[in-house]
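Before any comments, here is the structure.
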Amino acid sequence: VVVRPDDGKGIMELYYTEKGSMEKHVIMNNEFSMPKADITIHAIFAASTIKVKVNGDKEGEGETLTKALAAAGFGDDKEKEVKSIAIVGGSFHEKDWTSLPLALYTDGSEGLANLKEFSIESTVSYLVQMPLALDPPSQYFKEAAVETASIAQITQTSDKAFSDAMALKKISLPDVTQMGKATFAG
């Protein structure tokens with residue numbers, strides 16, 4: 001069973017109940033062990049937002065990473081002033097993973113060319129795992145200036161997730177138990 005919210009929506013609560021009981025069994029990280037009972041899975045959806053902290057002290061919230069950065073005072077004309085981004089709350093969906101390489105584009109004229117630190121904190125309420133089967137595989141920090149990354153809550157990395165991340169010096173993936181192919185190639 002896959003529970004996937006529509007774009008712009010997030011799972012606010014995910015749980016199951018056993019037949020004949022109203023007791024909620026919370027499902028964490030979209031995974032649970034199937035009990036030996038008939039169950040009903042419940043998903044409550046709401047509009048999703050990403051909460052960010054930029055350069056350590058500016059906060060913003062929006063439906064996308066770009067909108068959250070703008071809310072923190074770092075719209076298109078000020079993206080180059082961004083040195084650090086921490087995703088500190090809200091939801092981080094598959095669309096956020098797939099748009100991340102575009103946000104980090106660093107040809108000197110667009111994107112977050114001066115971003116040195118990126119993190120997704122354990123305080124994020126809903127985090128979709130890195131998409132595993134993208135074609136071509138996402139290279140999240142390819143050609144980016146990111147030197148330090150810390151990503152809590154993900155349990156697996158996608159193929160080539162950090163390949164060709166030449167500036168990356170330190171990464172923390174405290175919950176990862178499975179690495180994709182060529183995760184750090186290049």
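Counting from 1, the numbers follow the sequence of the chain as shown.
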State, yes or no, whether a side-chain contact exists between [X] and [Y] at a heavy-atom distance under 4.5 Å.
X      : Y      : value
Leu115 : Ile85  : yes
Val26  : Leu14  : no
Leu168 : Lys170 : no
Phe118 : Val82  : no
Thr64  : Leu69  : no

Legend entry - Hydrophobic cluster partners of Tyr15 (side-chain heavy atoms under 4.5 Å): Ile44

Under 3.5 Å donor-acceptor, [X] side chain and [Y] backbone:
X      : Y      : result
Ser21  : Glu23  : yes
Asn114 : Glu81  : no
Thr123 : Val88  : yes
Thr157 : Gly180 : yes
Asn55  : Ser84  : yes
Thr40  : Thr17  : no

Inset, instruction - Could you tell me which residues satisfy side-chain hydrogen bond (donor to acceptor under 3.5 Å, both in side chains) with Lys24, sequence neighbours excluded, listed by chain and number? - result: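 With sequence neighbours excluded, Lys24 shows a side-chain hydrogen bond (donor to acceptor under 3.5 Å, both in side chains) to Glu13, given in chain and number order.
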
Inset, instruction - Would you mind listing every salt bridge (Lys or Arg N to Asp or Glu O under 4.0 Å) that reaches into residues 40-53, with sequence neighbours excluded? - result: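 Non-adjacent pairs meeting salt bridge (Lys or Arg N to Asp or Glu O under 4.0 Å): Lys53-Glu59.
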
Legend entry - Short side-chain donor-acceptor distance under 3.5 Å, Thr148 and Glu117: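 Per modelled atom types, Glu117 and Thr148 side chains form no pair under 3.5 Å.
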
Inset, instruction - For Thr177 and Thr155, test the side chains for any donor-to-acceptor distance below 3.5 angstrom and give the result as yes or no. - result: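 Looking only at side-chain atoms, Thr155 and Thr177 do not form any donor-acceptor pair under 3.5 Å.
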
Legend entry - Cluster link Phe184 to Ile154, ILVMFWY, side chain under 4.5 Å: yes

Inset, instruction - Can you measure from CD1 (Ile171) to CD (Glu147) and round to the nearest 0.5 angstrom? - result: 13.5 Å

Inset, instruction - Report the distance from atom CE of Met179 to atom OG of Ser158, rounding to the nearest 0.5 Å. - result: 11.0 Å

Legend entry - Leu65 vs Lys67, side-chain contact (heavy atoms from CB on, under 4.5 Å): CA-CA, chis, key distance, verdict: CA-CA 5 Å; Leu65 180 57; Lys67 289 179 180 180; over 6 Å; no

Inset, instruction - Quick one: do Val3 and Phe45 satisfy side-chain contact (heavy atoms from CB on, under 4.5 Å)? Show the steps, please. - result: CA-CA 10 Å; Val3 178; Phe45 301 96; 3.9 Å; yes

Inset, instruction - Begin from the C-alpha positions of Val124 and Gln153 and carry the test side-chain contact (heavy atoms from CB on, under 4.5 Å) through to its verdict. - result: CA-CA 9 Å; Val124 171; Gln153 298 187 42; 4.0 Å; yes

